[in-house]
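Here the structure comes first, spelled out in structure tokens, and everything after it is commentary.
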Amino acid sequence: MDVNQPKQEHLLALKVMRLTKPTLFTNIPVTCEERDLPGDLFSILMKDDPSTVKGAETLMLGEMLTLPQNFGNIFLGETFSSYISVHNDSNQVVKDIQVKADLQTSSQRLNLSASSAVVAELKPDTCIDDVIHHEVKEIGTHILVCAVSYTTQTGEKMYFRKFFKFQVLKPLDVKTKFYNAETDEVFLEAQIQNITTSPMFMEKVSLEPSIMYNVSELNTVITNGDGSSTFGTKTYLQPLDTRQYLYCLKPKPEFAEKAGVIKGVTVIGKLDIVWKTNLGERGRLQTSQLQRMAPGYGDVRLSIETIPDTVRLEEPFDITCKITNCSSERTMDLVLEMCNTNAIHWCGVSGRQLGKLHPSSSLHLTLTLLSSVQGLQSVSGLRLTDTFLKRTYEYDDIAQVCVVSSKLKAES
């Protein structure tokens with residue numbers, strides 16, 4: 001990990017150490033029954049061990065902290081911190097000292113030095129200290145390059161570098177799925193898996209919507225006016241565990257009326273994930289902009305605005321439809337035809353003139369129908385004809401309604 005230039009006698013010594021929080025010391029308790037040969041020897045030894053918890057010596061976790069024994073793992077989204085010290089090991093006064101720290105990634109080179117100022121002089125047995133921080137935003141190989149330049153008493157300019165290579169790993173595996181509702185609502189399911197080797201405390205998982213949408217989180221259960229997380233009070237994510245988050249996005253009113261906004265590729269937003277590990281080390285990830293391919297509605301879109309959940313057998317009920325001209329250039333002259341099915345019967349005059357519908361505009365229409373068959377029935381049989389182009393658009397299975405007996409409805 002430490003790759004240095006050919007050895008050269010220098011007056012200054014460079015030391016670099018990664019700054020990480022300690023971990024809890026763990027014991028491996030060894031016990032036996034009193035009737036065994038060792039008797040209570042193991043119990044006495046564990047009670048005398050300063051690293052064990054008094055009164056709970058058989059617990060693996062102790063009261064002591066362990067300092068990092070190696071460089072450890074660095075994960076994407078965490079903050080990389082390092083301590084840099086330049087010490088004057090000689091008996092000479094060194095002048096014009098400059099310490100520079102750069103981080104080389106696969107795509108860029110970043111200057112991490114807090115200050116690039118030149119130190120006038122450094123006396124023997126004194127040092128220059130610096131602490132650098134960097135939020136890691138790329139995975140793969142990173143190289144910390146530390147360079148030191150100075151001038152000796154004889155006026156000779158000296159320079160040396162040290163290289164520290166480390167890998168940045170991926171902490172989470174994020175998968176997304178989109179579900180398009182019958183209306184313009186979009187449901188986003190985000191599956192987040194912990195692919196590290198230690199538990200994570202999920203501090204925040206939120207969706208930042210694009211300017212076209214409002215978002216509501218569906219990860220809370222409301223009981224007696226109070227909201228509680230669907231994941232319980234403990235929001236820990238164990239290694240290799242997966243958790244699903246659900247969000248509902250609705251177009252803002254100023255965009256919902258524009259039919260063009262629902263066509264083609266639509267930017268939904270991005271996920272913001274914040275977690276903590278070990279003793280509170282924080283990490284944060286933001287996904288790139290999430291996009292979904294919106295369903296194509298053709299030239300004319302028909303959607304259901306209101307419909308009852310349950311209706312009585314052979315009794316009329318009303319539904320409200322919304323008809324939208326998805327074309328951005330062409331005006332339509334529409335005629336509505338209603339075709340009966342085996343279960344659904346429309347009430348009213350078929351062949352009704354709806355009039356002209358301008359581009360990107362819509363109209364609301366209330367229709368009456370009844371069902372002659374019990375059970376879950378699909379609403380079908382609507383036909384729209386554009387008299388200008390002599391083109392007919394068919395709409396079947398646009399909604400479902402539960403049909404029950406009149407007696408059953410009365411009793412309920």
Side-chain angles (χ1 to χ4, degrees), residues 1-23 66-171 196 277-286:
M1 178 179 142
D2 185 356
V3 182
N4 304 322
Q5 291 179 336
K7 282 193 174 182
Q8 183 180 1
E9 291 296 332
H10 283 282
L11 305 179
L12 303 182
L14 172 65
K15 295 182 179 179
V16 178
M17 180 178 67
R18 183 191 173 194
L19 298 179
T20 57
K21 292 188 177 181
T23 57
T66 304
L67 293 176
Q69 303 299 307
N70 50 45
F71 194 80
N73 293 326
I74 299 179
F75 293 100
L76 184 68
E78 294 183 342
T79 299
F80 168 70
S81 300
S82 184
Y83 167 73
I84 300 175
S85 178
V86 176
H87 186 269
N88 187 352
D89 288 344
S90 69
N91 55 5
Q92 303 179 27
V93 176
V94 178
K95 298 181 180 180
D96 302 332
I97 306 98
Q98 186 176 26
V99 182
K100 187 178 180 181
D102 292 341
L103 186 64
Q104 178 71 54
T105 70
S106 59
S107 63
Q108 58 184 334
R109 189 183 182 104
L110 303 169
N111 181 20
L112 304 184
S113 300
S115 174
S116 58
V118 176
V119 179
E121 64 176 24
L122 187 63
K123 296 180 180 180
D125 290 329
T126 58
C127 60
I128 301 172
D129 298 324
D130 191 13
V131 176
I132 57 174
H133 304 280
H134 173 67
E135 184 179 347
V136 182
K137 298 181 179 179
E138 294 182 42
I139 59 175
T141 303
H142 288 55
I143 302 175
L144 180 64
V145 183
C146 298
V148 180
S149 61
Y150 62 96
T151 305
T152 65
Q153 284 183 335
T154 60
E156 183 182 3
K157 294 187 180 297
M158 304 293 288
Y159 175 82
F160 67 94
R161 292 187 301 174
K162 283 191 175 183
F163 301 88
F164 301 88
K165 181 188 289 187
F166 59 91
Q167 296 289 331
V168 175
L169 307 177
K170 186 179 177 183
T196 70
T277 58
N278 293 336
L279 297 180
E281 292 175 295
R282 187 184 176 117
R284 181 182 180 183
L285 279 182
Q286 277 193 334

Checklist entry - Taking it one step at a time, do Thr151 and Glu156 satisfy side-chain hydrogen bond (donor to acceptor under 3.5 Å, both in side chains)? => result CA-CA 6 Å; Thr151 305; Glu156 183 182 3; over 6 Å; no

Item to check | From Lys157, Gln98, His10, Lys95, residue fulfilling side chain to side chain donor-acceptor pair (under 3.5 Å) relative to Tyr150 | outcome: His10

Checklist entry - What heavy-atom pair brings Ser113 and Val99 nearest, and what distance separates the two atoms? => result OG-O, 3.9 Å

Next on the checklist: Quick check for you: to the nearest 0.5 Å, what is the distance between Asn73 atom CG and Leu169 atom CG?
Outcome noted: 5.0 Å

Item to check | Taking every non-hydrogen atom, the tightest pair across Glu121 and Val93 | outcome: OE1-CG1, 3.8 Å

Checklist entry - Just by modelled atom types, is the His134 backbone N or O under 3.5 Å from a matching donor or acceptor in the Thr79 side chain? => result no

Checklist entry - Partners of His142 by side-chain contact (heavy atoms from CB on, under 4.5 Å), sequence neighbours excluded? => result Leu103, Thr105, Val136, Glu138, Phe166, Val168

Next on the checklist: Let me confirm one number: the CG-CD1 distance from Asp102 to Ile143, rounded to the nearest 0.5 Å.
Outcome noted: 11.5 Å

Item to check | Pairwise distance SG(Cys127) to CG(Leu12) - rounded to 0.5 angstrom | outcome: 11.0 Å

Checklist entry - Do you know which of Lys162, Lys100, Arg161 makes side-chain contact (heavy atoms from CB on, under 4.5 Å) with Val145? => result Arg161

Checklist entry - Leu76 and Lys137: which non-hydrogen atoms are nearest, and at how many Å? => result CD1-C, 3.2 Å

Item to check | Sequence-distant partners of Thr196, side-chain hydrogen bond (donor to acceptor under 3.5 Å, both in side chains), two or more places apart | outcome: Asn194

Next on the checklist: Run the side chain to side chain contact (heavy atoms under 4.5 Å, CB included) test on Tyr83 and Lys15 for me, step by step, so that the C-alpha distance in whole Å, both residues' side-chain angles and the decisive distance to 0.1 Å come before the verdict.
Outcome noted: CA-CA 8 Å; Tyr83 167 73; Lys15 295 182 179 179; 6.0 Å; no

Next on the checklist: Run the side-chain contact (heavy atoms from CB on, under 4.5 Å) test against Glu281 and tell me which residues pass, sequence neighbours left out.
Outcome noted: Thr20, Lys21, Thr277, Asn278

Item to check | Criterion side chain to side chain contact (heavy atoms under 4.5 Å, CB included) on Thr141 and Gln167, from CA distance to verdict | outcome: CA-CA 5 Å; Thr141 303; Gln167 296 289 331; 2.8 Å; yes

Item to check | Asn88 side chain to Lys123 backbone, donor-acceptor under 3.5 Å | outcome: yes

Checklist entry - When rounded to the nearest 0.5 angstrom, what distance separates CD1 in Ile128 from OG1 in Thr126? => result 7.5 Å

Item to check | Point-to-point distance, once rounded to the nearest 0.5 Å, from CD of Glu78 to CZ of Arg282 | outcome: 12.0 Å

Next on the checklist: Return the CG to OG distance between Leu11 and Ser90, rounded to the nearest 0.5 Å.
Outcome noted: 4.5 Å

Item to check | Heavy-atom pair of closest approach, residues Ile132 and Ala101 | outcome: CD1-CB, 4.3 Å

